[in-house]
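Right, one structure below, let's go through it.
Values reported hereafter were calculated over all heavy atoms of this structure, with side chains retained and with hydrogens, waters and symmetry mates removed. Naming: A, B, ... by sequence-line order, numbering from 1 per chain.
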Amino acid sequence: MKWSKAFIPTLKEDPKEAESASHKLLLRGGFVRQHQSGVYIFLPLGWKIMLKIINIVREEMNRIGAQEMLLPSLTASELWEESGRWESFGSDMFRLKDRKDKDMALAPTHEEIMADIARNSIRSYRDLPQIWYQIQTKFRDEPRPRSGILRVREFIMKDSYSFDTSWEGLDESYEKHREAYIRIFKRSGLRFRVVRASSGLMGGSASEEFMVPSPAGEDVLAVCDNCGYAANLEVAKGIPDPIPESPFKKREKVHTPDVKSVEEVSAFLKVSPSLIVKSLVYMVGDDPYLVLIRGDHDVNEAKLSSAFGGEVRLAEPGEVMDLFGVQVGFVGPIGIKAKGIIADLALKGGRGMVVGANEEDHHIVGVNLEEDIEISRFEDIRSVKEGDKCENCGSPLRIEKAIEVGHIFKLGTRYSESMGVYYTAQDGSRKPIIMGSYGIGIGRIMAAACEIYHDEKGISWPINIAPYEVVLLEIDHRKTGDRAGELYEDLLKRGVDVIWDDRDAGAGFKFKDAELIGIPIIAVISERKLKEGKLEIQFRRDGQSMDVNFDEAGAAIAEIVRELKEKDAGRT
RNA sequence: CGGGGCGUAGCGCAGUUUGGUUAGCGCGCUUGGUUCGGGACCAAGAGGUCGCCGGUUCGAAUCCGGCCGCCCCGACCA
């Protein structure tokens, strides 16, 4: 491509709506434009990157024997009703009606469609296993799209689905995906980690996420640098500091005027926050439950809802007042008429603790949890904190933010049973197909690469997903145009993805553009170097440069590209 | 959905508090000339229903009411 003919509308100034690095840079570099909140246009440069990513994904999926298909985005409500997700997806699902008033949805994911294909066409164990995938646009009406292309309402995703006759088969399909995903993210040049994850609303058992550590990420991980344990905070486990010896040996009610929050109680009674028990009222359906957690810990609603096996909601202060006749700050587990009391594991064995008295301006101190309170059950319902000890090796855990780029799930029979996806086994019996589901956010790979590889000058793409591998940059096109043209043709013949900046513009201007859009290799053609028979090669990532003989430049560049591709795909 | 901010030329902004007649600035764009290793210079131009609707007023970008859109924080989320 000649730059003079290319549509690369770069911007000199940061667009005001952009905050995160990837958002600003993708807009400034002429990769994308926003069409609406959470809906983006991919301009030629941005789409070129998406295609390169898709290519990598496709190659790796095909390598594990997965078969690509194209599914509808416009889907009938019936399918969603069968699985129960017409209801449970709620307003995240884009819904519409056709001219005959039939309910439809723009598919947010495709489990139901895939399950439908399977139940219609798979009869026998002989037809299994299968892995099917699709790479296409999905729709979710996110409550708040943000960070440019990172959280959007219309996005391209690779989704694959595995169908097996046994749990062992599912394990194999899952493992194949795990390996394919590792190859995909390596080839894309990302730094990432595989973490344990929650399976959430999708249903199913095991699940892992592929995470790119970045402050721009929306997910939070707990990681152990010593043994490599890593998990999404939604499921992360850790060993908290022990509860200290309590000064309260006797159970008694104390006057705590207007002392409500943990900090206030802790300061007022002069005890560690870990001796205080926070009592929170959660609604599960219409039933109020009391949730107990240490004062220095936070409830993890993801864990809580899996402990309850359904949606939970923190009660409003007004609701608590109506239910128990006391302000939220003084609610306590003794003598409360909740549906049940669930306590965090870290509270087990707590002695001499402080709890709300269910009476205005009073707390009870010296409470021995297991003797004094009727706790229905202990569960792990707290969020791991920075500094908690790793369960495997005892080293301190670190908390970090990350961008989720992929997620693999063992679904099991959640969809096959609700939707009737059965096959006939070897012994003639009818059995549900065991499913798995595996997603990759294509645009997220692009955004994540941008977040982790940028500097003041712009983006610095990993070469395997860069919009071009090489830019031929002429200092003065009028003086070197002919020689540049020859080199350009040579590079094309050698299969190098090159853009030739043949514009009649100042050198500085061209350098700024090349660095902004992040092309990994900048080949500088100047009259000065040409007289010495040389060509200068600069590397975007580290700013290093070297000279090569102009006569052998084509071969030299092709070789450098090859090396850089291997090196870039080798990091983790 | 709660809180905050913004909407004026393609982009970034000033002007709005205190209403006043041709609505400015920088970048970009067009034409001509000069320049050419880090976002060049000179000259001449083009470009705006001031988000939309309604109201107040002799007069509205500016005041009042309603609506729409966008961003950020939080809540939510496979």
Side-chain angles (χ1 to χ4, degrees), chain A residues 9-20 23-24 27-28 30 33-39 83 85 88-93 107-112 138-148 150-153 155 157 159 161 197-204 207-210 216 218-220 232 234-235 301-302 305 311-314 316 404-411 414-415 436-441 444 456-458 473-481 501 503-516 522 524-530 536 538 543 545:
Chain A
T10 59
L11 267 21
K12 195 175 280 187
E13 285 164 295
D14 281 337
K16 69 166 174 185
E17 70 269 21
E19 196 71 25
S20 66
H23 194 191
K24 280 184 189 167
L27 249 16
R28 277 194 54 201
R33 286 291 185 264
Q34 187 178 57
H35 173 247
Q36 293 180 61
S37 175
V39 182
S83 69
R85 287 159 111 198
S88 66
F89 245 107
S91 38
D92 275 10
M93 184 135 78
T109 174
H110 283 83
E111 279 77 12
E112 282 81 353
K138 314 234 169 183
F139 302 85
R140 285 181 207 178
D141 194 358
E142 293 286 346
R144 182 152 95 80
R146 71 185 98 180
S147 306
L150 222 42
R151 176 152 228 96
V152 284
R153 301 195 293 171
F155 53 98
M157 201 165 170
D159 251 10
Y161 302 87
S198 148
S199 38
L201 275 181
M202 299 290 293
S207 126
E208 286 168 297
E209 288 166 331
F210 293 76
E218 296 183 278
D219 283 279
V220 184
N232 192 310
E234 292 174 353
V235 297
E301 293 196 359
S305 72
E311 294 278 290
V312 299
R313 174 178 67 80
L314 187 62
E316 306 283 331
E404 180 189 351
V405 289
H407 200 161
I408 54 179
F409 282 96
K410 290 184 185 174
L411 287 178
R414 140 96 244 246
Y415 294 91
S437 132
Y438 319 85
I440 287 181
R444 284 230 178 138
E456 335 64 59
K457 294 173 175 175
L473 194 154
E474 284 186 277
I475 298 298
D476 188 340
H477 177 58
R478 295 162 310 158
K479 293 182 179 149
T480 57
D501 196 345
R503 292 175 297 176
D504 186 14
F509 181 85
K510 294 189 185 183
F511 276 115
K512 293 284 190 239
D513 257 356
E515 285 158 352
L516 172 63
I522 304 174
V524 187
I525 301 179
S526 68
E527 204 186 13
R528 202 175 72 207
K529 290 271 163 110
L530 213 47
E536 177 183 340
Q538 294 185 5
S545 68

Mind checking [X] for me? I need base, sugar-phosphate or nothing, with any heavy atom below 4.0 Å counting as a touch.
X	answer
A:Q538	base
A:S147	sugar-phosphate
A:A18	nothing
A:M157	base

What N/O pairs connect the protein and nucleotides 10-14 of chain B at under 3.5 Å? Give each pair on its own line.
{"unit_1": "B:G12", "atom_1": "OP1", "unit_2": "A:K16", "atom_2": "N", "d": "3.4"}

Residue pair A:H110/A:H23 against RNA chain B: nearer the 5' end by closest nucleotide is A:H23

Indicate whether OP1 or OP2 belonging to [N] is found under 4.0 Å from a side-chain N or O atom of [X].
X	N	value
A:S37	B:C71	yes
A:Q34	B:G69	no
A:R151	B:C77	no

Passing option when A:R146 is tested against A:E17, A:E19, A:E218 for salt bridge (charged side-chain N to carboxylate O under 4.0 Å, His left out): A:E218

Whole Å only: how far is the CZ atom of A:R503 from the P atom of B:C36? 19 Å

How many Å lie between NZ on A:K529 and P on B:G37, as a whole number? 13 Å

Picking from B:G37, B:C76, B:C36, the nucleotide nearest the side-chain atoms of A:E536 would be B:G37

Could you say whether the aromatic ring of A:F511 and the base of B:G38 stack, counting only centre distances under 5.5 Å and plane angles under 30°? yes

